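Worksheet: the structure to be examined is printed underneath.
Computed from a predicted structure; not experimentally measured.
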Amino acid sequence: QVVFALNQTLLQQESLRAGRFQIPYTTEDLIKHYNCGDLSSIIFNHDTSQVPNFINAALPVHERITAQEIDSYFRQELIYKRNERMGRRVKDLLEEYPDKSFFFAFGAGHFMGNNTVIDVLRREGYEVEHTPAGQVI
């Protein structure tokens, strides 16, 4: 699986450099949607947008199965578990210091796809509000 993932990553990078493949959004798109509080946009709804996409219809069936296994592993280990851990840290601080005020800032990757930090906190019963850029806190 590691060799497969490395080969697929290299092939994607070669395609990017050659101009045969383009990322569907830019860093500027991410920043714009994040600043506007548009966390439900198409950009932020993709779990795998943070990791290489190995699933390709042109792959032989056995390699597609490997690609799906790797994609699932990355989504679980690199995204969901990380967001669960970050959400628990926020929850623990809020519960440990109930009379304190907190400001938490996260990178955009913590708001992408399913099982975001916001999802974790809302499941715990917290209300989460977006603070737009330029708003006085």
Partner residues of Gln135 under the side chain to side chain contact (heavy atoms under 4.5 Å, CB included) criterion, sequence neighbours left out: Thr131, Pro132

With the 4.5 Å side-chain cut-off for hydrophobic clustering, are Phe106 and Phe102 part of the same group? yes

Are Tyr126 and Phe104 connected in a single hydrophobic cluster, I mean Ile/Leu/Val/Met/Phe/Trp/Tyr linked by side-chain heavy atoms less than 4.5 Å apart? yes

Working to the nearest 0.5 angstrom, can you tell me the gap between Asp92 CG and Glu124 CD? 9.0 Å

Among Asn115, Leu121, Val117, exactly one meets side-chain contact (heavy atoms from CB on, under 4.5 Å) together with Asn83. Which residue is that? Val117

Taking all non-hydrogen atoms of both residues into account, name the closest pair between Glu84 and Val120 and its distance. OE2-CG2, 3.6 Å

Atom CZ in Arg88, atom CG in Leu93: separation rounded to 0.5 Å? 13.0 Å

Is there a path of hydrophobic side-chain contacts, each under 4.5 Å between heavy atoms, that joins Tyr97 and Met86? yes

Under 3.5 Å donor-acceptor, Asp71 side chain and Gln68 backbone: no

Applying a strict under-4.5 Å side-chain criterion to I, L, V, M, F, W and Y, I'd like to know whether Leu11 and Ile65 cluster together. no

